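In this text, all values refer to a predicted model and were calculated from it rather than measured experimentally. First the proteins, then the strands, lettered A, B, ... as listed; each starts at 1.
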There are 2 protein chains.
Amino acid sequence: MELDDVDWKLLEILQTDGRITFTELARRVSLSAPATTERVRRLEQAGVLTGYVAVVDHRRLGLPIEAIVRVRVRSLDTPRFRERVVPLAQVRDADHVTGDDCWLLRVVCRSTQELEEFVEHAQRFGDTTTSLVFSSPVRTRPVTRETSDGIVFR
Amino acid sequence: MELDDVDWKLLEILQTDGRITFTELARRVSLSAPATTERVRRLEQAGVLTGYVAVVDHRRLGLPIEAIVRVRVRSLDTPRFRERVVPLAQVRDADHVTGDDCWLLRVVCRSTQELEEFVEHAQRFGDTTTSLVFSSPVRTRPVTRETSDGIVFR
DNA sequence: ATTGAAATCGAACGCTC
DNA sequence: GAGCGTTCGATTTCAAT
């Protein structure tokens with residue numbers, strides 16, 4: 001799919017304010033509402049826009065601990081790891097990646113005790129390395145046209 | 001803030017469908033529309049709901065490469081790292097964490113060449129370890145009440 | 001429960017490639 | 001002709017009071 005400036009602008013706005021009305025969206029890109037609606041519909045259709053989600057602050061939900069758990073899963077154990085660890089409720093992101101630490105899990109927990117429990121569980125499938133998250137200066141930065149423009153600041 | 005079952009249900013729905021109308025939301029939790037709107041407003045007010053965003057598929061935006069770059073930033077270089085690397089357009093997530101690899105960056109790129117460029121840039125501030133993302137079986141799983149219920153499958 | 005705003009749809013028309 | 005956008009009116013749905 002070929003995207004023009006207006007499409008990129010729509011994506012940028014929607015990645016920032018996912019609940020904006022089509023009327024306001026149309027105003028922001030200087031198009032009519034029907035044209036705007038149609039473009040968004042096409043972006044959804046093309047699989048560029050895959051959904052809309054509310055963002056929550058886990059710390060205000062009784063889950064003050066956030067950690068990245070890297071797991072060096074033994075290859076034979078991978079299917080069981082997918083079944084027994086990836087689906088755990090604490091796991092917010094699970095990435096299968098290249099390299100020695102072949103899985104990266106972002107988990108949130110009620111307490112360090114619960115994190116310990118989680119890590120012990122994960123360790124049944126391979127060695128783990130756990131890092132507590134101090135802060136996340138960037139969380140889900142919007143993808144924009146400049147993202148593929150080389151080394152560019154935002 | 002004290003959350004009841006309905007609040008949790010609202011959060012769960014909104015984390016799945018961020019553009020649902022209040023009318024439909026009300027129907028799904030068996031409340032009146034005004035009561036539902038008021039609850040959502042309170043969750044926003046309390047900082048539990050922090051925003052709404054569209055989710056995009058970077059691969060359909062000319063950015064097929066996704067990687068996790070761990071950077072062992074020398075502590076004296078941290079301010080410059082924050083200024084010169086964290087703001088780069090390719091960075092979608094940046095987490096400051098405990099441990100030797102004190103920064104974790106999720107980056108998207110047009111090509112491995114661009115990734116190489118990025119990593120070389122980051123390396124000015126410390127040693128790096130880069131992992132390509134094969135797949136992400138879980139991306140931003142909703143936080144639910146059971147998230148803090150111990151080892152529970154979802 | 002009322003009221004204004006927003007979304008949705010169809011039809012007709014113009015512009016450009 | 002195909003694709004895209006605009007305007008208008010009519011209707012329905014939604015949000016706010």
Side-chain angles (χ1 to χ4, degrees), chain A residues 1-58 60-61 140 142-149, chain B residues 1-64 110 139-140 142-145:
Chain A
M1 188 189 184
E2 208 48 55
L3 303 189
D4 64 14
D5 291 344
V6 174
D7 292 318
W8 278 106
K9 186 72 183 163
L10 291 172
L11 290 175
E12 195 173 334
I13 295 169
L14 286 167
Q15 284 176 279
T16 300
D17 180 3
R19 275 187 79 86
I20 191 172
T21 64
F22 285 113
T23 309
E24 173 62 11
L25 195 52
R27 204 190 58 72
R28 300 264 291 271
V29 298
S30 307
L31 279 188
S32 68
T36 304
T37 308
E38 179 58 17
R39 275 180 183 258
V40 172
R41 202 197 56 73
R42 273 208 308 276
L43 289 166
E44 291 168 350
Q45 199 81 30
V48 173
L49 281 167
T50 59
Y52 304 88
V53 299
V55 181
V56 303
D57 183 347
H58 61 86
R60 308 218 180 183
L61 289 169
T140 320
V143 176
T144 68
R145 190 163 231 185
E146 308 92 67
T147 303
S148 46
D149 274 359
Chain B
M1 189 188 184
E2 209 49 53
L3 303 189
D4 64 15
D5 291 344
V6 173
D7 292 318
W8 277 106
K9 186 71 182 163
L10 291 172
L11 291 175
E12 195 173 334
I13 295 170
L14 285 168
Q15 284 177 276
T16 300
D17 179 3
R19 273 188 81 85
I20 191 172
T21 64
F22 287 114
T23 309
E24 173 64 9
L25 196 51
R27 203 190 58 71
R28 301 264 290 271
V29 298
S30 309
L31 280 188
S32 71
T36 304
T37 307
E38 179 57 17
R39 276 181 183 256
V40 173
R41 204 196 56 73
R42 272 209 307 276
L43 290 166
E44 291 168 351
Q45 201 82 29
V48 173
L49 281 168
T50 60
Y52 303 88
V53 299
V55 181
V56 302
D57 182 348
H58 60 86
R59 293 162 300 178
R60 306 216 181 184
L61 289 170
L63 300 157
R110 209 173 16 175
R139 277 316 300 273
T140 319
V143 176
T144 69
R145 190 163 231 185

(message) For the residue pair B/Arg19 and A/Phe22, would you count it as a cation-pi contact if the rule is NZ or CZ under 6.0 angstrom from the ring centre and within 45 degrees of the ring axis?
(response) yes
(message) Of all nucleotides in DNA chain D that come within under 4.0 Å of a heavy atom of chain B, which is furthest toward the 5' end and which toward the 3' end?
(response) D/dC14 to D/dA16
(message) Can a donor-acceptor pair be found, under 3.5 Å and without considering hydrogens, that links the side chain of A/Arg60 to the backbone of B/Ala46?
(response) yes
(request) In plain terms, say whether B/Asp7 and B/Arg145 are close enough for a salt bridge, that is, a side-chain N and a carboxylate O under 4.0 Å apart. (result) no
Can you name the atoms? Protein N/O to nucleotides 6-13 of chain C N/O, anything below 3.5 Å, with the distance.
from: C/dA7; atom 1: OP1; to: A/Phe22; atom 2: N; distance (Å): 2.8
from: C/dA7; atom 1: OP2; to: A/Phe22; atom 2: N; distance (Å): 3.3
from: C/dA7; atom 1: OP2; to: A/Thr23; atom 2: N; distance (Å): 2.8
from: C/dA7; atom 1: OP2; to: A/Thr23; atom 2: OG1; distance (Å): 2.4

(request) Indicate yes or no for a side-chain donor-acceptor contact from B/Thr50 to the backbone of A/Val55 under 3.5 Å, with no hydrogens or angles considered. (result) yes
(message) For B/Glu12, is there any backbone N or O sitting under 3.5 Å from a side-chain donor or acceptor partner on B/Thr16?
(response) yes
(request) Using the test side chain to side chain donor-acceptor pair (under 3.5 Å), find all partners of A/Asp57 that sit at least two apart in sequence or belong to another chain. (result) A/Arg59
(message) Between A/Thr147 and A/Val143 (side chain of the first, backbone of the second, donor and acceptor by atom type, cut-off under 3.5 Å), is there such a pair?
(response) no
(request) Give one of base, sugar-phosphate or nothing for A/Arg39, where a contact means two heavy atoms less than 4.0 Å apart. (result) sugar-phosphate
(message) We want to know whether A/Glu44 and A/Tyr52 form a side-chain donor-acceptor pair, criterion being a heavy-atom distance below 3.5 angstrom.
(response) yes
